[in-house]
Q: 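So that we are looking at the same thing, I have put the structure below in structure tokens.
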Amino acid sequence: SHLLENIVRMRAAEGAATTDELTGLPNARALSAEMRRACDNATQTGKPLSIVVLDLDGFKKLNDTHGHLAGNRALQNIARGARGVLGPHGFIARMGGDEFVALFPNQDKAEAIEHATRLQKMVEQAGVELVGTPMLSTSWGLALFGADGHLPEALLSAADKRMYDYKRTKEERTAARLARLAAHVSDATSAESIRYPS
């Protein structure tokens with residue numbers, strides 16, 4: 001009947017409106033609704049709620065080096081891996097691009113950090129499996145319901161700021177390591193450091 005067809009079509013449209021087409025993960029719209037629910041629940045129950053904003057590092061380089069199809073495949077593999085890491089009760093959404101947000105209802109800071117660390121390892125592994133080198137990693141930031149606010153916007157903002165702080169210090173650490181390496185190489189190749197037999 002037309003009615004059934006319309007209901008099926010409407011449900012499909014609703015699904016598309018809350019699902020990221022490429023990865024099948026919930027999208028920003030679905031995240032917004034889920035965060036409101038999770039914050040309301042944490043307010044009512046007094047149970048913890050942690051949220052993690054996660055950004056892929058090396059994704060642009062992967063796209064530039066191996067093409068957009070490889071980039072798309074990486075995102076799909078990461079989405080699949082994230083579901084495996086978080087299990088049936090975890091919630092992770094793709095915000096678009098290479099940014100994801102995970103919610104951890106009833107989980108404290110230590111548990112959320114453990115999950116974020118496992119997500120980080122999974123992303124690194126996904127990169128290696130796809131292109132043979134550890135091209136992908138993550139930067140992430142954590143926010144806690146209560147300590148960082150009681151509204152979705154406040155929590156997202158706090159987690160996002162920490163993610164960018166993490167990314168900046170990670171880049172600074174990498175730059176410092178490369179500078180040390182370069183200095184070491186130039187020391188090793190300078191004439192003064194060559195030991196002539198006496």
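The first residue in the sequence is number 1, and the count goes up from there. The model shown is predicted, which means the values in this text are computed figures rather than measured ones.
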Q: Could you go through Arg37 and Glu34, starting from their C-alpha distance and side-chain angles, then the distance that decides it, and tell me whether this counts as salt bridge (charged side-chain N to carboxylate O under 4.0 Å, His left out)?
A: CA-CA 5 Å; Arg37 266 196 299 276; Glu34 190 64 27; 2.7 Å; yes

Q: Considering non-hydrogen atoms only, spot the tightest contact between Ala112 and Val52 and give its length.
A: O-CG2, 4.5 Å

Q: Please, which pairs that meet side-chain hydrogen bond (donor to acceptor under 3.5 Å, both in side chains) have at least one residue in residues 99-109, sequence neighbours excluded?
A: Gln107-His115

Q: Show me the pairs that pass salt bridge (charged side-chain N to carboxylate O under 4.0 Å, His left out) and involve residues 135-150, at least two apart or across chains.
A: Asp148-Arg162

Q: Could you work out, with side chain to side chain contact (heavy atoms under 4.5 Å, CB included) as the rule, every residue matching Lys61, not counting sequence neighbours?
A: Thr65, Met135

Q: Excluding sequence neighbours, so at least two apart, what forms salt bridge (Lys or Arg N to Asp or Glu O under 4.0 Å) with Lys170?
A: Asp57

Q: I want to check something: taking the side chain as every heavy atom from C-beta on, are Phe100 and Leu75 in contact at a cut-off of under 4.5 Å?
A: yes

Q: Going by the rule side chain to side chain contact (heavy atoms under 4.5 Å, CB included), which residues pair with Thr45 if we only count those two or more places apart in sequence or in a different chain?
A: Asn41, Lys47

Q: Can you name the residues that form a side chain to side chain contact (heavy atoms under 4.5 Å, CB included) with Ser32, not counting sequence neighbours?
A: Arg36

Q: Inspect the surroundings of CG in Leu178 and state if more than 12 heavy atoms from other residues, nucleotides or ligands are less than 6.0 Å away.
A: yes

Q: Any heavy-atom pair between the side chains of Asp165 and Thr169 that's under 4.5 Å?
A: no

Q: Give me the atom names and distance for the closest heavy-atom approach of Ala30 to Thr18.
A: CB-O, 3.3 Å

Q: Quick one: are Thr19 and Asn27 in side-chain contact, heavy atoms under 4.5 Å?
A: no

Q: Nearest 0.5 angstrom please: Gln120 CD to Trp140 CH2, how far?
A: 7.0 Å

Q: For the pair Phe91 and Val101, evaluate side chain to side chain contact (heavy atoms under 4.5 Å, CB included) and give the outcome as yes or no after the intermediate values.
A: CA-CA 8 Å; Phe91 181 93; Val101 176; over 6 Å; no

Q: Within a reach of under 6.0 Å around CD of Glu111, are more than 12 heavy atoms found that belong to other residues, nucleotides or ligands?
A: yes

Q: Could you grab the distance from atom OG1 of Thr138 to atom NZ of Lys121, nearest 0.5 Å is fine?
A: 11.0 Å

Q: Can you see which heavy atom on Met35 is nearest to which on Ile51, and at what distance?
A: CE-CD1, 3.8 Å

Q: On a heavy-atom basis, which atom in Ile92 and which in Pro26 lie closest, and how many Å separate them?
A: O-CD, 3.2 Å

